[in-house]
Amino acid sequence: MKRLGVNIDHIATIRNARGEKHPDPFLASKFVTKHGADSVTIHLREDRRHINDKDAKNICNQKNILVNLEISMNSEIVKKALKIMPNFICIVPENRKEVTTEGGLNIKKNRNKLRNIIKKFKSKNIRTSLFIDANIEDIYLSKDLDVDCIEIHTGKLANLIKANKKYYQEFLRIKKCSNLANQLGIEVHAGHGLDYKITKLLCKIKEIQEFNIGHFIIGESVFDGLSKVIKKFKNIIKK
Ligand code: PXP
C-alpha cells in the first residue's frame, strides 16, 4: 500500500507571516494524521524560514505520529536532528536563495560527507533517505552509501506536465530509476510539485511506496479544506 506524507512547512510559513502563533504546525501535525496522513514531513531549514527548532522538537516528540525530518548536510543541523530523533530523515540539498528545493543532491561530490551522516542516523535506527534526481548513476551511488530509501525529485516531471509539454521521457526515467532502486533493495519515495493529476500518473509506478506532498495540499485546502484534500490524495494512491 502506497503511503502519503503531508509536508506542513507552509502552515509555519503562514504563521510566520504574522509573527504570532496561529496556525500552529504542531496542531497541524495532529490534524493531518487524524485525517489520514501516514506521516508528517517538516524541513528544518538553515534559515528557519518556516519550521523552527521548537516546532521540530515538539512535533517529533509525539509518540503516535511518524515524522519525516528533512535536513541539509550542515553539521549544526545534523547535530540538532540527532538530538530531536525523528522517525525518518531525508537529506536534501539546500541553497539560501532558492524558494524551494530545486533539485536533488550532488551525491558524487558529497559522497564522503553523506556516508558519514547516513551512518550516524542509521546507527540510531532512524530510517534515512536521500533526495535525488532521477538518474541511474545516483541510484548506484545511493546503494553504495547504504541508505534505506531514496526520494526522487519529481519537480521536472511536474513542470513539464503543468506547462503542457512532453513529459513521457521524464516519466520513463523516474520509472527506470524506481525499478532499479527496488531491485537493489532501496525503498522508493517521490516528491515535489505533485498535485492530483501528477500523483495519479506516478501511481502507475508500482515501486513508489511513499509520496511527500506539501504546497498543493496546503494551497488546495484554501478551497476544499485540509481533511478533504488529504482524503482525495489517499483515494488516488490506494487505487
Ligand atoms: N519532498 C522533499 C524532499 C521536499 O524538499 C519537498 C519540499 O520542497 C517536498 C517533498 C514537497 O514538495 P511540494 O511542496 O512541492 O509538494
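Atoms within a ligand are numbered from 1 in the order they appear, just like the ligands themselves.
With 3.5 Å as the limit, one finds no donor-acceptor pair spanning the side chains of N182 and N179. Between the side chains of E151 and N212, at least one donor-acceptor pair of N or O atoms lies under 3.5 Å.
Two residues are said to be in side-chain contact when any heavy atoms from C-beta on lie closer than 4.5 Å; E210 and K2 fail this criterion.
Heavy atoms of E70 found under 4.0 angstrom from ligand 1 belong exclusively to the side chain. Contact annotation for E151 and ligand 1: only side-chain heavy atoms (C-beta onward) come within less than 4.0 Å of the ligand.
Of all the atoms in ligand 1, the ones that sit under 4.0 Å from a non-hydrogen atom of V92 are 3 (C). Heavy-atom contacts of I213 reach the following atoms of ligand 1: 16 (O) (cutoff under 4.0 Å). Close contacts between ligand 1 and N212 involve ligand atoms 10 (C), 11 (C) [criterion: under 4.0 Å to a heavy atom]. For ligand 1, the atoms sitting less than 4.0 Å from at least one non-hydrogen atom of G193 are 13 (P), 15 (O), 16 (O), numbered in the order shown with element in parentheses.
Nearest protein neighbour of atom 8 (O) of ligand 1, counting heavy atoms only, is T100 OG1, 3.2 Å. In terms of protein heavy-atom proximity, atom 12 (O) of ligand 1 is closest to H192 CA, 3.5 Å. From the protein, the heavy atom lying nearest to atom 7 (C) of ligand 1 is N7 ND2, 4.0 Å.
Applying the salt bridge (Lys or Arg N to Asp or Glu O under 4.0 Å) definition to pairs two or more places apart or across chains, those involving residues 65-86 are D53-K80, E76-K79.
Proximity of a side-chain donor or acceptor of D133 to a complementary backbone N or O of G104 within less than 3.5 Å is detected.
Here's the thing with H215: one of its N/O atoms is less than 3.5 angstrom from an N/O atom of ligand 1. The N/O atoms of G214, backbone and side chain alike, include one that comes under 3.5 Å of an N/O atom in ligand 1.
With a 4.5 Å cut-off between side-chain heavy atoms of Ile, Leu, Val, Met, Phe, Trp and Tyr, the cluster of M1 takes in none.
At a 4.0 Å cut-off, at least one heavy atom of F131 sits close enough to ligand 1 to count as contact.
Classified by interplanar angle (parallel below 30°, tilted 30° to 60°, perpendicular above 60°), the ring pair H192/F131 is tilted. Ring-plane geometry between H215 and H10 is classed as perpendicular, the angle between the planes exceeding 60 degrees on a 0 to 90 degree scale with a lower cut at 30.
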